[in-house]
Trainee: 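Handing you this structure, nothing more for now.
In each ligand, atom 1 is the first atom listed, and ligand 1 is the first ligand listed. Note: hydrogens, waters and symmetry copies are ignored here, and every other heavy atom, side chains too, is used.
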Amino acid sequence: MDRLKAKERIEYLRSFLEENSRKYYVENAPVISDYEFDTLMHELEDLERAFPEFDSPDSPTRRVGSDISAGKDFVKRPHKYPMLSLSNTYSISEVEEFAERASKGLSEAFTYSCELKYDGTAICLTYRDGKLFRALTRGDGVVGDDVTANVLRIPSIPHTLTGSGFPEEFEIRGEILMPYESFDRLNEEREAAEEPLFANPRNAASGSLKLQNPEEVSRRGLICTLYHIPSGNIDAPTHVEALTLAKSWGLPVGIENIRICRSIGEIEDFINHWDVHRKELPYPTDGIVIKINEMALQRELGYTAKSPRWAVAYKFKAEQACTPILSIDYQVGRTGAVTPVANMEPVLLSGTMVKRATLVNADQMEMLDIHEGDWVYVEKGGEIIPKITGVEESKRLPGAVKPVFPSVCPDCGTPLVKADGEAKWFCPNSSGCPTQIKGRLLHFTGRKAMNILCGESTIQQMYDLDLVRTPADFYDLRYDQLFLLEGWKEKSARRFLDSLKQSLDTPFEKVLFALGIRFVGESTARDVALHFGSIDALANASMEDLLAVPDVGDVVAGSIYNWFRIPENAVEVQRLRAAGLRMSVDEGERAEDVSDALEGVSIVISGNFSISRDDMKKLIESNGGKNSSSVSGKTGYLLAGEKPGPEKIRKAEQLGVKIISEEQFYALLPGGNPSGNSSEGGSLFGGMDTVEPTLF
Ligand code: IVH
């Protein structure tokens, strides 16, 4: 390749890899496969080696992909030891080369630690005096996001170590993973809410770790496995022995899946074993990591700018199949979103027959450059959901044309619309489009919503007979009308009416979910219901009020706000209320609604408390206070927990805002400390990482 071409290609690859790295690490929505990404990265490495004059310190080959979230979400903190990545390969011969290089470079005999390459999101934990002190994401390898509050909600990560012999302070790194079961459940919930699905468990894990709501993190079913101790201050001659000690302190280390190998043959056996058996694991893995086991030799080999020289990752290729597209359906969802779905010649993939796969949206079809009858590559995202990842252009039929995305609703014929910034086309005829009407009814009656005994075919019949159009119509159905349904007799009619009656006991949060407001899934409905307490408060909420709910962003807030401003929806809510549905949370559910001791007082919180920050916010609000995010002249108190943000402290001092400790805060409430515990480490003034007493 000539210099000019090489320069062009290098620039193209750098920008393409940058863009896709952002999609992968920050947006958690990759559009190309890992294999494609890694192959292009290797091509760039080769070109940079061949044309060193175009070398650049910001090349993606020199930096680790950054997961750092832009803006305000998390406190950013520097890593004590840079958080690097691993050099990876898809070829056994490159693993052999690694082993050869190591034998040549090392003076002493050594062993390899062969382990699973866990496919989640990297985490760095610091334990100080046996307690979990901090958790940082990889970030850009130099600075990471402080996600301690979220990590404290992952059950397999101990808050306090057991046993003895651990250093006063050490770092241990590993992976936060989402097991397949949790992933399926989460995506099912998101599908029901028509929220965008996570492409695979890895994206779901990293998205979950970046939530602003630790309560929700604990519901996501995350697990953790640890595999690297960068602080190197654990008294053990080998990596495996150090991990074994870590395990004895209660830390989650998958020792049982590590094997010490002595030859390339043993490494290959290990790889071949897991290439087959990894499918039996309940969590995702994407390869094998081979490390030099002796700590002294690891130190001897050292690091490049991006990865250790003492380790290599062998990655498994995602299983792929190639099959022709037979036709494309355009499915309308209950919120009107139109999704293209490819029907393909059935093909076997990871043990299951796949015949349908989503094409996601019109942009994705464009990006894949899909033509009618194309042979396409199908992969299982995280080995679960089939996804079309590419087209085999050599098999394209001559004269094949691109499918035309419909301009009108395939069900009701209304012209489709696309809102600014949205990737999906919509049928705007929400009150007249039969698919949307039936979809909403089915959603309303669903098990996770009102749990009314009635399936798709019953809804179809009720719709055809003009018995129901909106959920409130169910509650107007009379016993005799039910006999119009095919095969319905006294018993079925009674059972149905009983289940309708029972549905009146459904808690408000589920009623809210059942209404089918776009982007309001089960967990958002729960958060919003508990935050506002009643449908009236929610209906009157301003955008600002809605945005105050943790993890509710512009899109969700806008969707709720607009829903309540559609007159038909207001009528529907009134009819459902009249039918007896619960339109506010039970006293029991909102037990925290206890006093008006903090009426009108604006409180900013900072640092960690003996209860979660989320619970602390609720406590403030349930006592009539207002939780605000930044200190201003209007702030009543800055409530400082363990390790408060120095910026906030400085601002409060500057503005003369009173700074109070957790204990002092409880003293303001009628019942004192609601949990009955004292804050960890006694008062704020006693512990080691506390604010200087002079501040108060
Ligand atoms: S050791 C200096 N061991 O894979 C880096 N990493 O693609 C030491 N990973 O950055 C990392 N399983 O996030 C190590 N058993 C394992 C791993 C592992 C997964 C991740 C890790 C790393 C990435 C590289």
Trainee: Counting heavy atoms only, which part of Val289 comes closer than 4.0 Å to ligand 1: side chain, backbone, both or neither?
Mentor: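 For Val289, the contact with ligand 1 is made by the side chain alone.
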
Trainee: Ignoring hydrogens, just give me the one of Arg138, Gln298, Lys315 whose non-hydrogen atom is nearest atom 22 (C) of ligand 1.
Mentor: Arg138

Trainee: Is the shortest side-chain N to carboxylate O distance from Arg219 to Asp527 below 4.0 Å?
Mentor: yes

Trainee: Check whether more than 12 heavy atoms from other residues, nucleotides or ligands sit under 6.0 Å from atom CD of Glu256, and answer yes or no.
Mentor: yes

Trainee: Could you walk me through whether Lys80 and Glu169 pass the salt bridge (Lys or Arg N to Asp or Glu O under 4.0 Å) test, one step at a time?
Mentor: CA-CA 12 Å; Lys80 202 159 169 189; Glu169 180 168 324; 3.5 Å; yes

Trainee: Does NZ or CZ of Lys317 fall inside the cone over Tyr90's six-membered ring, less than 6.0 Å from its centre and within 45° of the axis?
Mentor: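 No.
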
Trainee: Given that the side chain starts at C-beta and the backbone is N, CA, C, O, which of these parts of Leu116 lies under 4.0 Å from ligand 1, counting heavy atoms, or is it both or neither?
Mentor: backbone

Trainee: So which protein heavy atom does atom 24 (C) of ligand 1 come closest to, and at what separation?
Mentor: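 Looking only at protein heavy atoms, the one closest to atom 24 (C) of ligand 1 is Leu86 N, 3.6 Å.
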
Trainee: Any N or O on Lys291 sitting closer than 3.5 Å to an N or O of ligand 1?
Mentor: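 N/O-N/O distance under 3.5 Å: yes.
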
Trainee: Taking the non-hydrogen atoms of Ser85, is any one of them nearer than 4.0 angstrom to ligand 1?
Mentor: yes

Trainee: Out of curiosity, is Leu84 lining ligand 1, as in a heavy atom under 4.0 Å away?
Mentor: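 Yes, that is the case, since the closest heavy atom of the residue is under 4.0 Å from the ligand.
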
Trainee: Between Ser113 and His239, which heavy-atom pair has the shortest distance, and what is it?
Mentor: OG-CD2, 3.5 Å

Trainee: Under 3.5 Å between some N or O of ligand 1 and some N or O of His228?
Mentor: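 For ligand 1, there is no N or O atom that lies under 3.5 Å from one belonging to His228.
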
Trainee: In terms of ring plane angle, is the pair Phe166 and Trp249 parallel, tilted or perpendicular, where the classes change at 30° and 60°?
Mentor: perpendicular

Trainee: List ligand 1 atoms under 4.0 Å from Glu115, heavy atoms only on the residue side.
Mentor: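 By the 4.0 Å cutoff, the relevant atoms are 3 (N), 15 (N), 16 (C).
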
Trainee: What orientation do Tyr127 and Phe170 show, parallel under 30°, tilted 30 to 60°, or perpendicular over 60°?
Mentor: parallel

Trainee: Out of all atoms in ligand 1, which are within 4.0 Å of some heavy atom of Glu175? Include the element for each.
Mentor: 9 (N), 13 (O), 19 (C), 20 (C), 21 (C)

Trainee: Is Glu366 atom CD crowded by more than 12 heavy atoms from other residues, nucleotides or ligands, each under 6.0 Å away?
Mentor: no

Trainee: Say whether Trp310, considering both its backbone and side-chain N or O atoms, lies within less than 3.5 Å of an N or O atom on ligand 1.
Mentor: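 Such a contact does not occur with ligand 1.
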
Trainee: Do any N/O atoms on Pro308 end up under 3.5 angstrom from N/O atoms on ligand 1?
Mentor: no

Trainee: Counting both backbone and side chain atoms, is some N or O of Tyr227 under 3.5 Å from an N or O of ligand 1?
Mentor: yes

Trainee: With the threshold set at 4.0 Å, does a side-chain nitrogen-carboxylate oxygen contact exist between Glu115 and Lys291?
Mentor: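 Judged by the 4.0 Å cut-off on N to carboxylate O distance, Glu115 and Lys291 do form a salt bridge.
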
Trainee: How far is atom 12 (N) of ligand 1 from its nearest protein heavy atom, and which residue and atom is that?
Mentor: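 Nearest protein contact, heavy atoms only, for atom 12 (N) of ligand 1 is Tyr118 N, 3.0 Å.
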
Trainee: Counting each atom of ligand 1 from 1 as listed, which ones have a heavy atom of Ala122 under 4.0 Å away?
Mentor: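 The list of qualifying atoms is 13 (O).
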
Trainee: Do Arg173 and Leu125 have side chains that get closer than 4.5 Å, going by heavy atoms?
Mentor: no

Trainee: Enumerate the atoms of ligand 1 whose separation from the nearest heavy atom of Lys117 is less than 4.0 angstrom.
Mentor: 4 (O), 7 (O), 12 (N), 19 (C), 23 (C), 24 (C)

